[in-house]
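For reference, the structure discussed in these notes is given below.
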Protein chains: 2
Amino acid sequence: MTKNSKMILDIVNSSHDHPTADQIFIRAKEQNSKVVLATVYNNLNSLVKEGKIRRIAVSGKPDCYDNTFRHDHTVCVKCGALSDIMIDDITEEIKSKLGDSFVSYDLNVSYICDECREK
Amino acid sequence: MTKNSKMILDIVNSSHDHPTADQIFIRAKEQNSKVVLATVYNNLNSLVKEGKIRRIAVSGKPDCYDNTFRHDHTVCVKCGALSDIMIDDITEEIKSKLGDSFVSYDLNVSYICDECREK
DNA sequence: ATCATAAGTTAGAATTATTCTAATTTCAAA
DNA sequence: TTTGAAATTAGAATAATTCTAACTTATGAT
């Protein structure tokens with residue numbers, strides 16, 4: 001692990017708001033890092049490949065990054081806000097259908113968040 | 001429903017390979033439609049909003065579109081191939097946590113497909 | 001220690017999916 | 001028919017991400 005990849009991993013793990021590559025880049029600079037955006041992308045790609053962080057794809061917005069602590073996500077269909085939710089683990093159910101080729105799963109729940117509901 | 005939106009809905013519903021906007025555009029032209037890519041995008045956005053089709057976000061590739069028949073998806077972590085899978089419906093479990101604000105959920109399973117496994 | 005090599009980083013250009021803008025067309029209803 | 005809203009169009013604009021090629025840093029063998 002290089003200085004940069006360690007820093008980027010730390011930022012992802014200590015952020016509780018699913019930052020994008022750009023937000024991670026900004027946070028790195030706030031810590032006086034001289035890192036460049038391309039390097040942030042490079043390292044995020046490596047970290048995802050190594051299974052040290054998760055990438056969350058949300059249509060219409062840039063990819064977000066998250067820690068690997070097992071949990072699921074909610075996305076507000078009105079404002080796009082992304083939050084955590086914990087739904088019972090269904091790994092075994094999936095494995096019983098897919099077998100050993102299983103790697104992981106992503107569960108994203110669409111809903112209407114409280115603020116948007118009030119309008 | 002206009003001619004174009006009906007045609008695009010038909011293409012999505014009759015395609016069994018999760019086409020992208022661009023692929024839908026190509027298929028429309030194969031049917032001698034004079035539709036333009038921007039119109040395909042416009043209509044896809046409307047159809048998704050109306051709940052008539054589903055949009056699938058996969059990081060690193062363009063969005064894919066699919067019918068609304070209830071099912072889940074697998075993504076090969078090596079080659080990115082997208083396929084259908086049917087995992088037991090967990091709507092009730094999610095609703096018991098989220099309540100009425102629930103809209104829908106997307107379950108994407110990462111795995112290694114047979115071809116990539118052989119290598 | 002020194003050199004060789006690989007890995008990591010950088011700047012900036014390139015790519016590409018998608019949206020935006022503004023003009024034009026379609027088409028239903030008054 | 002006139003009107004007005006909605007749909008469509010062409011093409012420019014935007015923005016996330018990757019690519020390229022040069023450069024730097026770290027590593028490991030001699």
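We use all heavy atoms of the structure for the numbers below, so side chains are in, but hydrogens, waters and symmetry mates are not. In what follows, every chain begins at residue 1, and chains take the letters A, B, ... in the order their sequences are listed.
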Gln23(B) CD to dA17(C) C1', in whole Å, measures 13 Å
Which of dA11(C), dG8(C), dT9(D) is nearest the side chain of Val35(B)? It is dT9(D)
Would you say the side chains of Arg27(A) and Ser15(A) form a donor-acceptor pair under 3.5 Å?
yes
Ranking Ala21(A) and Thr2(B) by the position along DNA chain D of their nearest nucleotide, the one closer to 5' is Thr2(B)
Q.
Does Thr39(A) reach a base, just sugar-phosphate, or nothing at all? Heavy atoms under 4.0 Å.
A. base
Separation of dA7(C) atom P from Leu47(A) atom CG, nearest Å, is 17 Å
| message | Using OP1 and OP2 only, check whether a side-chain N or O of Asn4(B) sits under 4.0 Å from dA7(D). | response | no
(Q) Whether the side chain of Tyr105(A) engages the backbone of Ile90(A) through a donor-acceptor N/O pair (distance < 3.5 Å, no angle test) should be reported. (A) yes
CD1 of Ile24(B) to CG of Leu44(B), rounded to nearest 0.5 Å, is 4.5 Å
Q.
Within the 4.0 Å heavy-atom criterion, would you say Lys61(A) contacts the bases, only the backbone, or no part of the nucleic acid?
A. nothing
Contacts satisfying side-chain hydrogen bond (donor to acceptor under 3.5 Å, both in side chains) that involve residues 29-49 of chain A (not counting sequence neighbours) are Asn45(A)-Arg55(A)
To the nearest angstrom, the CZ-P distance between Phe25(A) and dT18(D) comes to 16 Å
Distances under 3.5 Å between nitrogen or oxygen atoms of protein and nucleotides 23-28 of chain D:
none

Output for pair (Leu47(A) CG, Tyr65(A) OH), nearest 0.5 Å, gives 10.0 Å
Whole-Å distance, Asn43(A) CG to dT18(D) P, equals 13 Å
Between CE of Met1(B) and C1' of dT8(D) the distance, given in whole Å, is 15 Å
For nucleotides 19-30 of chain C, 5' to 3', base contacts (B), sugar-phosphate-only contacts (S) and non-contacts (-) with protein non-hydrogen atoms under 4.0 Å give BB----------
From NZ of Lys49(A) across to P of dG8(C) the rounded distance in Å is 11 Å
When every non-hydrogen atom of Tyr111(A) is compared with those of Ser83(A), the smallest separation belongs to OH-OG, 4.4 Å
Measure up the His73(A) and His18(A) rings against each other and bin them: parallel (under 30°), tilted (30 to 60°), perpendicular (over 60°). perpendicular
Give a yes or no on whether a salt bridge exists between Asp100(B) and Lys95(B), defined as a side-chain N under 4.0 angstrom from a carboxylate O.
no
| Looking only at atom types and distance, does a side-chain atom of Glu93(B) sit under 3.5 Å from a main-chain N or O of Asp88(A), one as donor and one as acceptor? | yes
Regarding the side chain of Asp63(B), the nearest nucleotide among dT18(C), dT10(C), dG8(C) is dT18(C)
Atom CG of Leu44(A) and atom C1' of dA16(D) are separated, to the nearest Å, by 13 Å
To the nearest angstrom, the CD1-C1' distance between Ile8(A) and dT10(C) comes to 13 Å
